[in-house]
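Note sheet for the following structure.
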Amino acid sequence: QLQLVESGGGLVQAGGSLRLSCAASRTLNSYPMGWFRQAPGKEREFVAAISRSALSTYYTDSVKGRFTISRDIAKSTVELQMNSLKPEDTAVYYCAADAHQNTGVTLTNALVYDYWGQGTQVTVSS
C-alpha cells in the first residue's frame with residue numbers, strides 16, 4: 001500500500017504563490033502522478049499530471065501558465081508550484097499515484113489513479 005502525504009497548503013492573497021509537495025512511504029519516481037482539487041460544493045477536478053519519465057506534463061486550461069508540476073528525483077516527491085493564485089483556486093488539493101503506468105491524456109482522469117493523499121487546503125483571499 002502506498003501512502004501519500006501532501007504538504008504546503010495554506011492561506012495566501014490573490015496573486016501570491018504556494019508550492020505543494022507530495023511524499024510517500026516509498027519512492028514516487030516510478031509512478032505517473034497527478035494533482036486534483038475539490039472546492040466546496042463541487043466535484044473533484046483534474047489540475048495537473050506528470051508522466052513517470054517526467055517528460056510529459058498535463059494541465060487543466062485554467063491553470064496553464066500559472067502552475068507547474070515537477071518531480072524531485074532526489075527527494076522522491078512530486079511538486080506543484082502555484083503562481084498568480086486566484087480566489088477560484090481555493091480548494092483541497094490532492095495528489096494521486098497511478099500504479100498501472102497509464103500514459104498520455106489518460107492521466108487527466110481521476111479514475112486511473114490507485115492511491116490518494118488526504119489533501120491539503122489552499123485558500124486564496126481576494
Side-chain angles (χ1 to χ4, degrees):
Q1 186 76 7
L2 183 67
Q3 294 181 326
L4 304 178
V5 179
E6 303 94 340
S7 61
L11 173 64
V12 64
Q13 289 188 333
S17 298
L18 284 173
R19 188 175 183 88
L20 304 184
S21 182
C22 179
S25 50
R26 57 179 187 268
T27 181
L28 292 176
N29 294 341
S30 60
Y31 295 89
M33 298 291 297
W35 284 97
F36 292 77
R37 66 187 180 187
Q38 187 167 20
K42 295 187 177 181
E43 294 186 352
R44 188 172 299 189
E45 66 170 350
F46 168 75
V47 177
I50 189 166
S51 64
R52 173 180 174 176
S53 67
L55 292 178
S56 298
T57 57
Y58 308 89
Y59 299 93
T60 191
D61 286 346
S62 63
V63 309
K64 285 181 181 177
R66 300 189 297 122
F67 291 12
T68 303
I69 187 171
S70 62
R71 292 185 181 274
D72 187 323
I73 301 300
K75 296 181 180 179
S76 187
T77 59
V78 176
E79 315 286 321
L80 185 68
Q81 178 66 41
M82 306 187 296
N83 299 328
S84 302
L85 283 161
K86 304 175 181 180
E88 51 263 43
D89 295 317
T90 295
V92 177
Y93 283 70
Y94 301 88
C95 69
D98 166 25
H100 294 90
Q101 303 300 317
N102 287 283
T103 60
V105 296
T106 304
L107 295 176
T108 65
N109 187 342
L111 295 177
V112 309
Y113 292 90
D114 304 282
Y115 302 105
W116 292 82
Q118 82 290 347
T120 186
Q121 177 71 46
V122 171
T123 302
V124 185
S125 63
S126 57

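Computed from heavy atoms alone, side chains included, the values below leave out hydrogens, waters and symmetry copies.
- Every residue two or more places apart in sequence or in another chain that forms a side-chain hydrogen bond (donor to acceptor under 3.5 Å, both in side chains) with Ser51 is listed here: Ser53.
- The side chain to side chain contact (heavy atoms under 4.5 Å, CB included) test with Phe67 is passed by exactly one of Leu85, Leu18, Leu20: Leu85.
- For the residue pair Arg26 / Tyr31, a side-chain donor-acceptor distance below 3.5 Å is found, with atom types taken as modelled.
- Between Met82 and the options Val122, Val12, Val124, Asp89, a side chain to side chain contact (heavy atoms under 4.5 Å, CB included) holds for only Val122.
- A ring-centre distance under 6.0 Å is found for Tyr113 and Phe36.
- Closest approach of Val112 to Asp114, counting heavy atoms only: O-OD2, 3.6 Å.
- The distance from the OG1 atom of Thr57 to the CE atom of Met33 is 14.5 Å, given to the nearest 0.5 Å.
- Residues Trp35 and Ile69 have side chains in contact (heavy-atom distance under 4.5 Å, counting atoms from C-beta outward).
- A donor-acceptor pair shorter than 3.5 Å can be found between the side chains of Glu79 and Thr77.
- Val63 and Val92 fall into different hydrophobic clusters, where Ile, Leu, Val, Met, Phe, Trp and Tyr residues are linked whenever their side-chain heavy atoms come under 4.5 Å apart, directly or through other members.
- Under 3.5 Å, the side chains of Gln121 and Thr123 contain a donor-acceptor pair of N or O atoms.
- Salt bridge status for Arg52 with Asp98: absent, with no side-chain N to carboxylate O gap under 4.0 Å.
- Ile73 and Val78 fall into different hydrophobic clusters, where Ile, Leu, Val, Met, Phe, Trp and Tyr residues are linked whenever their side-chain heavy atoms come under 4.5 Å apart, directly or through other members.
- Gln3 CD: 12 or fewer foreign heavy atoms inside a 6.0 Å radius.
- Judged by distance alone, with hydrogens and angles left aside, the side-chain atoms of Arg71 form a donor-acceptor pair with the main-chain N or O of Leu28 at under 3.5 Å.
- Of the possible donor and acceptor atoms, none in the side chain of Arg44 sits under 3.5 Å from a partner among the backbone N and O of Gln38.
- Between Glu6 and Tyr94 the shortest heavy-atom distance is OE2-CA, 3.3 Å.
- Between atom CZ of residue Arg19 and atom OG1 of residue Thr68 there is a gap of 8.5 Å, rounded to the nearest 0.5 Å.
- From Ile50, atom CD1 reaches atom OG of Ser56 across 9.0 Å, with rounding to the nearest 0.5 Å.
- In terms of heavy atoms, Leu4 sits closest to Ala97 at CD1-N, 3.7 Å.
- The two residues Ala110 and Trp116 have their closest heavy-atom pair at O-CZ2, 3.6 Å.
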If you apply the rule side chain to side chain contact (heavy atoms under 4.5 Å, CB included), what do you find for Arg37 with Phe46, and how did you get there? CA-CA 7 Å; Arg37 66 187 180 187; Phe46 168 75; over 6 Å; no
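- For the atom pair OH of Tyr93 and OG1 of Thr120, the computed distance is 10.5 Å after rounding to the nearest 0.5 Å.
- Distance check: Thr108 OG1 to Tyr58 OH gives 9.0 Å after rounding to the nearest 0.5 Å.
- When atom types are taken as modelled, the side chain of Thr90 and the backbone of Pro87 share a donor-acceptor pair closer than 3.5 angstrom.
- Residue Ser84 holds its OG atom at 7.0 Å from CZ of Arg66, rounded to the nearest 0.5 Å.
- The side-chain hydrogen bond (donor to acceptor under 3.5 Å, both in side chains) test applied to Asn29 returns Thr27, not counting sequence neighbours.
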